[in-house]
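Structure first, then comments.
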Number of protein chains: 2
Amino acid sequence: MRHAEFDKQKVLRAAMCTFMVNGYAKTSMQDLTKATGLHPGSIYCAFDNKKGLFIAAIEQYQLDRTQQMQQLFTNERSALDNLRDYLGLIVQEGLSCDATQSCLLTKSLSEMGEQDDQIKQITCEFLQSWHQALSQIFERAKQQQLIPQQSDSQFLAQYLVMGIYGLRTVATTQPCIEVLQPLADKLLRDLISG
Amino acid sequence: MRHAEFDKQKVLRAAMCTFMVNGYAKTSMQDLTKATGLHPGSIYCAFDNKKGLFIAAIEQYQLDRTQQMQQLFTNERSALDNLRDYLGLIVQEGLSCDATQSCLLTKSLSEMGEQDDQIKQITCEFLQSWHQALSQIFERAKQQQLIPQQSDSQFLAQYLVMGIYGLRTVATTQPCIEVLQPLADKLLRDLISG
DNA sequence: AATATTCTTGAATACATATTCAAGAAAGGA
DNA sequence: TCCTTTCTTGAATATGTATTCAAGAATATT
């Protein structure tokens, strides 16, 4: 027996970045071999084909993002303070003007959702689980009596998801803090004010 | 002298729909000749190349959307009622699950903004002018004393733009009225409540 | 050390795609 | 009616791309 030589996580993160910058269609296998350091044969051996590598990269993206969120919200602070920091992070990502800081899920859904049912299903599922994670945070805020008891956590999370989608798109056209921060601030205010 | 035979608007709208469904990269010249009824030579004669046709299609899209908005807001009703209907229209578009009802500007910006400065500039400019049009509507609402005098029309318009971006993305993952309508309703409430 | 197994390499293949161009068709002016 | 001009046609070209595969290299086992 002989083991594969490459570091799968490194390869997937490199592919991830390439797909985020170029999109799926405009990323060539040549781009991917350059970014990952793998030769075509190795890629096809490990991931079947270009789409297989793409899906694996999306799954790695979801893994990374999920871990990041768990770290951000695992502490003894108020859930609202954590939410404020989380929105601050998204503002920062928007300011960075760095495509690798954007959302691979919504980007892929926008590019391929209409043509590829599998990609649509995977991205939608991952975005839903993000929505669920946010729901639980609002649920905790309700238990901590930080928001009214009659609040609908699911709905608040959905509204926040909507706001973040919107914030990220605004950031594409106007990546400046004078625009993004007031939007994020009002979004948080509107969420907790009933 | 001899005049061109084809109807430019029809051609541009056909190309527009094709680009909306497939995206730019995945739309082949063959797709475009089929959709427009033009032969390659005619397309290259009239629009230089694929990108030229794409830009012309985007400009037609902006023209159509601008006219649509002017019609929706040109009446004697309250600006807020008009805004409510406008959001209702966007909810309807989201429910339709029809790619040709989505926003070509944000889709193109997401796909190509990172790679093509010209496309980025054009789409950003058009999205800005949409923002401006909404600003004027809030300005009118202020004059009609429908919203507080100290309201910042620019900011309200920016927040509405953010909300609509978000609403459209939510619609991609959950095109059902039970999800979209409450989001749109809260968005409008949050806008006019200070 | 020898051998079997698995991984790696990268040139070759097969296919798709954007673009060109020269010949043909239609329209207007003399 | 003839001729010039302009538009149309679509096959040909040149380029790019995803994928394959057979030979070579590395590892583990006997």
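In what follows, every chain begins at residue 1, and chains take the letters A, B, ... in the order their sequences are listed. Just so it is clear, the model here is predicted, and its values are computed rather than measured.
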CD (A/Gln121) with more than 12 external heavy atoms under 6.0 Å: no

Quick one: sort the B/Phe6 and B/Phe47 rings into parallel, tilted or perpendicular, breaks at 30° and 60°. tilted

What residues from residues 45-53 of chain B pass a heavy-atom cutoff of under 4.0 Å to DNA chain C? B/Asn49, B/Lys50

Short side-chain N/O contact from A/Tyr44 to OP1 or OP2 of D/dT20, under 4.0 Å: no

Determine, step by step, whether A/Glu59 and A/Arg13 satisfy the salt bridge (charged side-chain N to carboxylate O under 4.0 Å, His left out) criterion, reporting the C-alpha distance in whole Å, the side-chain angles of both residues, the deciding distance to 0.1 Å, and the verdict. CA-CA 10 Å; A/Glu59 284 166 347; A/Arg13 295 216 178 94; over 6 Å; no

Interatomic distance, CG@B/Asp190 vs CG@B/Leu156, rounded to 0.5 Å, equals 11.0 Å

DNA chain C contacts among residues 108-117 of chain B, heavy-atom distance under 4.0 Å: none

For the OG1 atom of B/Thr123 and the NZ atom of B/Lys107, what is their distance to the nearest 0.5 Å? 14.0 Å

So, with a heavy-atom separation below 4.0 Å from DNA chain C, the residues of residues 8-27 of chain A are none

A/Leu80 side chain near A/Ile192 side chain, heavy-atom distance below 4.5 Å: yes

Expected output: side-chain A/Thr169 to main-chain A/Tyr165 donor-acceptor under 3.5 Å: yes

Check this for me, if you would: do B/Lys26 and B/Asp31 make a salt bridge, where the nitrogen-to-carboxylate-oxygen distance has to be below 4.0 angstrom? no

Drop me the distance from B/Ser108's OG to B/Lys120's NZ, to the nearest 0.5 angstrom. 13.5 Å

So how far is it from A/Met112 CE to A/Asp117 CG, rounded to the nearest 0.5 Å? 11.0 Å

Going by the side-chain contact (heavy atoms from CB on, under 4.5 Å) test, name the single residue among A/Leu83, A/Leu160, A/Leu87 that passes it with A/Leu191. A/Leu160

Can the ring centres of A/Phe155 and A/Phe138 be said to be less than 6.0 Å apart? no

Which atoms of nucleotides 10-13 of chain D (N or O only) lie under 3.5 Å from a protein N or O atom, and what are those distances?
residue: D/dG10; atom: OP2; partner: B/His39; partner atom: ND1; Å: 3.1
residue: D/dG10; atom: OP2; partner: B/His39; partner atom: NE2; Å: 3.2
residue: D/dG10; atom: O6; partner: B/Gly41; partner atom: N; Å: 3.2

Please give, in whole Å, the distance from C/dC7 P to A/Leu38 CG? 13 Å

Close residues, residues 28-36 of chain B, relative to DNA chain C [heavy-atom separation under 4.0 Å]: B/Ser28, B/Met29

So does B/Arg84 pair up with B/Asp185, basic N to acidic O under 4.0 Å? no

Given ring-ring contact (aromatic ring centres under 6.0 Å, His included), test B/Tyr86 with B/Phe73 step by step and report yes or no. CA-CA 9 Å; B/Tyr86 181 58; B/Phe73 285 90; 5.6 Å; yes

Mind calculating the distance between CD1 (A/Ile43) and P (C/dT8) to the nearest angstrom? 12 Å

Of all residues at least two apart in sequence or in a different chain, which pass the side-chain hydrogen bond (donor to acceptor under 3.5 Å, both in side chains) check with A/Glu125? none

